[in-house]
Amino acid sequence: GDSSLRAAPLATFDVWCVASPDYLRAHGTPKQLDALASHAWIALTPIPHPWVLRSRDGKQSVRLQRSLSTSSTSGGRALAVAGAGVFAAPSLVLEADVATGQLVRVLPNLKLPQVFLYAAWPGRHEPPMKTRVFIELAKARLRSGTR
């Protein structure tokens, strides 16, 4: 909302809910969004609590109470891998662990709101050439899956 900043979109990511296979064996796999309310929820501290998780179409929602909290997505990912509960984050953060089986997507068919990644710079003018080159490199790497 800062009018002194300009921004360029870099990428859009789906939000995934995940948990470890051990956690799901011990506590069951939620089959519907409202079932998440009875699970241990790993929350991000920058997001107000209780957190309401809504489907992208707005037709489904659940109020989640944190069992644990962390200030970073990498901390939440690590807690989920350790079996501490269910965690939601952008697919970018979770896809490698899902691919290796360390984490399992919970409710994979549910479309949650997406996360948008932007490059921002101060001023009303176009950014310097080095910034424009960086933005194009970031877009290309994000499209190719190279991180």
Closest non-hydrogen atom pair, T73 against A89: CG2-CB, 4.4 Å

Value rounded to 0.5 Å, distance of CG in L103 from CD in E95: 12.0 Å

Drop me the distance from L112's CG to S91's OG, to the nearest 0.5 angstrom. 11.0 Å

Check I42 against G76 and note the closest heavy-atom contact, atom names and distance. CG2-CA, 3.9 Å

Minimal non-hydrogen separation, V115 against P90, with atom names: CG2-CG, 4.0 Å

Hey, any chance Y118 and F134 share a hydrophobic cluster, counting ILVMFWY side chains that come within less than 4.5 Å of each other, even indirectly? no

Gap between atom CG of L44 and atom CZ of R66 - 0.5 Å precision: 10.5 Å

Which atom of G75 lies closest to which atom of T70, heavy atoms considered: CA-OG1, 3.7 Å

Sequence neighbours excluded and cut-off under 3.5 Å, please list the side-chain donor-acceptor pairs for residues 11-28, or say none.
from, atom 1, to, atom 2, distance (Å)
D14, OD1, R56, NH2, 3.0
D14, OD1, Q114, NE2, 2.9
S20, OG, Y23, N, 3.0
D22, OD1, R25, NH2, 2.3
Y23, OH, H39, ND1, 2.9
Y23, OH, A40, N, 3.0

What distance separates T29 OG1 from L107 CG, expressed to the nearest 0.5 Å? 9.0 Å

Would you indicate whether the side-chain heavy atoms of R6 and H125 approach each other to under 4.5 Å? no

Nearest-0.5 Å distance that lies between atom CG in L36 and atom CH2 in W41: 6.0 Å

Nearest atoms (heavy-atom pairs only) where V93 meets R77: O-CD, 3.6 Å

